[in-house]
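No experiment lies behind these values; they were computed from the predicted model shown. Each chain gets a letter, A, B and so on, in the order its sequence line appears, and its residues count up from 1.
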2 protein chains.
Amino acid sequence: MSRVAKKTATASEASAKAAEKPTQKRVRRTADEARRLILDAAEKRLARQGPEGLRLQDIARDVGISHPAILHHFESREGLVRALIARTNKQLRDSLLGALGDGDTSRDAADHIGHVFEALSDKGTARLLSWLLLTGRATEESDAHNIMGEIVDVLQDRREEYAEKKGTAAPDKEDTLFIAMLTANAAFGEAIVGRQLAEAAGLDQHGIKRFRKWFAKLINDHLEAKR
Amino acid sequence: MSRVAKKTATASEASAKAAEKPTQKRVRRTADEARRLILDAAEKRLARQGPEGLRLQDIARDVGISHPAILHHFESREGLVRALIARTNKQLRDSLLGALGDGDTSRDAADHIGHVFEALSDKGTARLLSWLLLTGRATEESDAHNIMGEIVDVLQDRREEYAEKKGTAAPDKEDTLFIAMLTANAAFGEAIVGRQLAEAAGLDQHGIKRFRKWFAKLINDHLEAKR
DNA sequence: CGATATATTGACAATAATGTCAATATAGCC
DNA sequence: GGCTATATTGACATTATTGTCAATATATCG
C-alpha cells in the first residue's frame, strides 16, 4: 500500500514545466549485440558470486538496461541460463580443440596441460560448468560429452603418431583416456577448491604455477615410462 | 483472496461432531535429535538436487515437520547452512585423518587415495563443499584450511619415517604438498564432473574404479621414483 | 520522409521463499 | 497430578524475483 504513493514522485519530476511527453532517450542495440552484452554480464556475475548472483535485475543493472529487456531476448531466466551454457561450452570447446589441433608438434604435454588449466580458470568457466553440473542441468545439454570424446581422440592420434615415429609400441587408449580424465578432474578441482587449498598451504600465485608445472612433469614422466 | 477460502476446509474436517479443540497430536523430539534429522534431510537434498534444492519447506516436508520448526532450531536459513557446513567439515576431517592416522603402516598410497575419493563422493560431501566454495561462503569458515594443513603434516611424517627406515634421502615437503593437492583436486573434480566425463567416455562403474587404481599407481610410481 | 519492425521500458501481476508470532501440545520434573 | 520449559504449528507478514503487457522510442528500408 505504501509502495503506490512513492511512484507519484516520478510524475512530479517529469512535470518540470508542463511537458506531457518527456521524450526520454534510449540506447537501441542490435539483438545480437544486446544478447552478447547480457551474456557477458551474466558470466561475470556468475564467476564472481556463484549461482545466487544470477538475478535478472542485477544483470540488467550491470548492462544498463531494464530487466524485461533480458526477458525479451532470452524468453525466460532459464533461456538465459541455457544460452550461457551453450556459449560457454562452445568457447571451451574451441579453446581446447584449437590449442590441441594446432598441428604444432613442438607442443608437449606440459603445454597442453597448462592450456587446459587456463581455459578452465579463465573467466570462471569451470565455476560456471560446475554450477551447471551441480544443479543437474547437464543431462539435457550433453555437449560436454562430445568435447571429451573429441579431445581423447585427438590426443590418442598424437600419441600414435609419436609412437610410430619412434618405432615404439602403440599406446594404450584407456591410458590416454585416463590422462585426459585426470587432467580435466584436476583442472576442475583446482578451479573450485584450488585457491582455498593453496592458501591453506601458504602457496602464492607463483606456488600455484609451480604446482601446475609439477603436475605436467608427472604426466610427462608417465608418458616417458610408457615408451 | 482465493487462498483464504481454501482453509475453511480444515475447519469442516475438524468439526466431525462439535469438537472445538481437535487436540492434534505432535511428535516432540529432543532439540539435538531434531537438529540431526533436519541436517540429514538438508544434506540429502543438497546431494541430490544441488544448491537450489535447499528450501526450508522441502526439507521440512522430508522430515515431516513444519518449516518454522527449522527456523526455531537454526535461527535462519543461513544458520542452517552454516551448521551443515560445520558438520560436513567435521565429518570430512574425522574421516580423512582417522584413516590416515590409524598408525597402520600396511596401508599404502593407493589405500589412502581410495579413501579420499570415497570420503568425498560419499553422501555428496564434495558437492556440498563445492557449492559452499562456489557461493563464496568459505572465507569465513576457513576450517578447510586446517584440514589440509594437518593432512599434509601427517603425510610428510609418514614419508620421513619411511625414508629413514629405508635409509634414503628425506622427501621434499613441497612434493608431498603437491601430491595432496593433486589428490584433493582430482577427487573434487571427479565428484563434480567425473560422472559426466566417464559416461562420455563410455566408462561404467567398473571403469571408474580402474581410473582410481590407475591414478593410485601413478602416484605410487612417482613415490618410487623419488626414492 | 513515412512506415514498419522491434528493442526498450515502467508499472503491475503472480509467485515463492524466508521470517514472525501467538497459540498449543508434550516431555520432564517436583 | 500439576507446573514449567520448549518443541511445534497454522496463519500471516514481508520481501524478492520472475514474468506480463501496453506504450514508446529508434533503426532501417522503401
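- The separation between Glu33(A) atom CD and dT26(D) atom P is 18 Å, rounded to whole Å.
- Of the side-chain N and O atoms in His72(B), none sit less than 4.0 angstrom from OP1 or OP2 of dT8(D).
- Side-chain contact of Gln156(B) with Thr176(B): a donor-acceptor pair under 3.5 Å is present, judged by distance alone.
- Annotation: side chain of Phe211(A) is not in contact with side chain of Leu177(B) (no heavy-atom distance under 4.5 Å).
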Each nucleotide N or O in nucleotides 2-4 of chain C that has a protein N or O under 3.5 Å away: list the pair and distance.
none

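- The distance between atom CG of Asp58(B) and atom C1' of dA16(C), rounded to the nearest whole Å, is 11 Å.
- Per the geometry, CZ belonging to Phe74(A) stands 11 Å off P belonging to dT8(C), to the nearest Å.
- With hydrogens and angles disregarded, a donor-acceptor distance shorter than 3.5 Å links the side chain of Arg158(A) to the backbone of Leu100(A).
- Rounding to whole angstrom units, CD of residue Glu52(B) and C1' of dA16(C) are separated by 13 Å.
- Side chain of Arg45(A) to main chain of Ile59(A): no donor-acceptor pair is present (N/O by atom type, distance under 3.5 Å, no hydrogens or angles).
- Checked by atom type and distance alone, the side chain of Arg77(A) pairs as donor or acceptor with a backbone atom of Leu54(A) at under 3.5 Å.
- Considering only heavy atoms from C-beta on, Leu71(A) stays 4.5 Å or farther from Leu80(A) through its side chain.
- In the interface, the side chain of Arg29(B) is not paired with the base of dT8(D) through any donor and acceptor atom under 3.5 Å apart.
- One can place NZ of Lys25(B) at 15 Å from C1' of dA27(C), the figure rounded to the nearest angstrom.
- Side-chain contact check for Arg195(A) versus Gln205(A): some heavy-atom pair is nearer than 4.5 Å.
- Residue His73(B) places at least one side-chain N or O closer than 4.0 Å to OP1 or OP2 of dT8(D).
- Mapping Val27(A) and Arg26(B) onto DNA chain C by nearest heavy atom places Val27(A) at the nucleotide closer to the 5' end.
- Judged by distance alone, the side chain of Ser95(B) and the main-chain N or O of Gln91(B) form no donor-acceptor pair under 3.5 Å.
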Please write out each protein N/O paired with an N/O of nucleotides 18-20 of chain D under 3.5 Å, distance rounded to 0.1 Å.
residue	atom	partner	partner atom	Å
dT18(D)	OP1	Leu56(A)	N	3.3
dT18(D)	OP2	Leu56(A)	N	3.3
dG19(D)	OP2	Arg77(A)	N	2.8
dG19(D)	N7	His67(A)	NE2	3.2
dG19(D)	O6	His67(A)	NE2	3.3

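- Using modelled atom types, one side-chain atom of Arg127(B) and one backbone atom of Leu134(A) make a donor-acceptor pair closer than 3.5 Å.
- Judged by distance alone, with hydrogens and angles left aside, Arg28(B) brings a side-chain donor or acceptor within reach of the base of dT6(D), the pair sitting under 3.5 Å.
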